[in-house]
Amino acid sequence: MAYKIVGSQCSACAACEPECPNNAIREKNGTYVIKAEKCTECIGYFDDPQCVAVCPVEDTCVVDSSYPRYQAQV
Amino acid sequence: MRDAKLERGPGEAAVLREGPVAGGGCKASRCGSSAREDELPDAIREKVRRHPCYSEEAHHHYARMHVAVAPACNIQCNYCNRKFDCANESRPGVVSERLSPAQAVAKVAAVAGAIAQMSVVGIAGPGDPLANPEKTFATLRGVAAILPDVHLCLSTNGLALPDHVDEIIRLNVHHVTITINAIDPQVASRIYPWIFYDHRRIRGLEAAEILCARQMEGLRMLVARGVLCKVNSVLIPGVNEDHLVQVNRVVKAEGAFLHNIMPLISAPEHGTAFGLSGQRAPTAQELKAVQDRCAGGAALMRHCRQCRADAVGLLGEDRAAEFTLQKIASIPVQPDHAVRRAAQARIEETRREDARARHAQEPPLPMAAPGVRAQVAVATSGAGRINVHFGRAREFQIYEVDAQGVRFAGHRRVDLKGEDAMADEERLHAAVCSLNDCAAVLAARIGAYPRERLAAAGIEAVERFAEGLIHVSIRGWFHDYAGRVERGETVHRTGQDAPLRQGAYVVA
Ligand code: SF4
Ligand code: SF4
């Protein structure tokens, strides 16, 4: 599991980009995208996924269930 | 195109067709707010002498510029839809041209070269500048390097302010504006649904408590270190109109030098929480009533026109469209400092001459009709004179006059982007409605038909003061008017209200 950004919703405000502890968020063609391989759902860093917590548009940063749930490497 | 449609949605057209309003209940908005400069201490008055946003007189002579380098925000406001610009320092429903810090510095250089009166560069959005600290400070650093003579300013909701005070001091930022809509968390919680703070999304009263505390802490820190602080408040009828009187007193006590109370802009088509819940905007007289109740507290600012986050220009003009990224590519990059200095020296000379002329020519205020107080609309394009044709005015400056003197009371916009195609009749109707609470309009020229329409609405159309100094002319008109009222020849116009226009101030 990872998070993804619904492109049609994203306002390209860039608020999420610097909040991601894994540098997984980048701008691409006018909207922001999450690199699923880098996303850890913020596990091990914060209680809440940072992109979800900061994004001003509801339901824009959402779970991408095509990825298995991230397992923290403890 | 997108914003043109939004600015004049179906709701607004309906309001305009309803005709002049005689009281509340009208959902329309727009007019700004002016410091009575005599309320400011001398030292501060000198500091803001060239700042069009802070000095009512300066705003006839100097231009400001905002660069939209800060898209991210760290709070949610009920009057904001983050698909557009921040509504605190800009207007809902508007999208600014977003720039990287390097592009912003290039744009500032181009504008400074073309408009020598440009004396202030600010960052106000489109989100919160301090939620984008790298971009904001990189831009300010770049501007200071090429234009050491301009004042830098910054607007913020205050949440991140205490963390950045050192950098603000280091960059010699001249003025900071903090938007404080409430000091009581209970009231604030009706305005802010959530904040993003300490890596968490915090809602409700807890969020409001943190935000209010951080705003006050930031204000105190800046004041303690000698940075001028202005406070902006959005007047939201039914939520904070009484509370703002208290906000005014407290921010004054904490050292804010100016307080700017702006009307909420609210329309369903903006897609804001307030717009969708039917929260209405205040009318012109409701705004004025709150501003008047704050007299004696922090000096009030009445000439703010709520520019968009990438506004460029003087008074009612917005020349942003001349300086898009595409266009600045062909403008020489280095502003000529000698040319700028000379132009600004000329402006100061004109201001001194006008001040002398004002003292020499000002007719005495009539002693007759001591209770008469009137609002007058003036069509001007700057330089403190009545110099615009009624039909060409995109905004009017509103003054209040009585036996005590002439005071600036605000702006009234009558024209919006996308309305060029608007029928003349509709435009005229909109102009007449927006001036409904005025007894007279002073313009360089007023055509026969508009004159007739104004007369039908009970507003005097006056062109005999064309090219005259605003204050001198208003006194001249009032002298005559009060005499006529006294003799029973004219019925004093009073108790009217006007809708404030919705939508962003854009001429792009
Ligand atoms: S959930 Fe966390 S790690 Fe994943 S993209 Fe969002 S901020 Fe980055
Ligand atoms: S915070 Fe939300 S709206 Fe802003 S860029 Fe990220 S995904 Fe897009």
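By convention in this document, chain letters (A, B, ...) are assigned in the order of the sequence lines, proteins followed by strands, and residues within each chain are numbered from 1.
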Working to the nearest 0.5 Å, report the span between [atom1] of [X] and [atom2] of [Y].
X: A:Cys16; Y: B:Phe196; atom1: SG; atom2: CZ; answer: 10.0 Å
X: A:Asp48; Y: B:Arg201; atom1: CG; atom2: CZ; answer: 9.5 Å
X: B:Asp128; Y: A:Cys13; atom1: CG; atom2: SG; answer: 12.0 Å

Residues, nucleotides or ligands: over 12 heavy atoms within 6.0 Å of A:Asp47 CG: no
More than 12 heavy atoms of other groups within 6.0 Å of A:Lys38 NZ: yes
Test log, rule side-chain contact (heavy atoms from CB on, under 4.5 Å), inputs A:Tyr45 and B:His199: CA-CA 10 Å; A:Tyr45 295 95; B:His199 301 290; over 6 Å; no
Below 3.5 Å, can you tabulate the donor-acceptor pairs from side chains in residues 209-216 of chain B to any protein atom, sequence neighbours excluded?
unit_1, atom_1, unit_2, atom_2, d
B:Arg214, NE, B:Leu159, O, 2.8
B:Arg214, NH2, B:Leu159, O, 3.2
B:Arg214, NH2, B:Asp163, OD1, 3.0
B:Arg214, NH2, B:Asp163, OD2, 3.0
B:Gln215, NE2, B:Asn157, O, 2.9
B:Gln215, NE2, B:Thr179, O, 2.9

Candidate pair B:Arg200 and A:Phe46, rule side-chain contact (heavy atoms from CB on, under 4.5 Å), full reasoning: CA-CA 8 Å; B:Arg200 285 188 303 142; A:Phe46 303 109; over 6 Å; no
Chain B contact via A:Glu19 - side chain, backbone, both or neither, heavy atoms under 4.5 Å: side chain
Where is the tightest heavy-atom contact between [X] and [Y], given as atom of each residue plus distance?
X: B:Trp194; Y: A:Val54; answer: CH2-O, 3.6 Å
X: A:Ala14; Y: B:Pro71; answer: CB-CG, 4.3 Å
X: A:Ala15; Y: B:Cys73; answer: CB-O, 4.2 Å

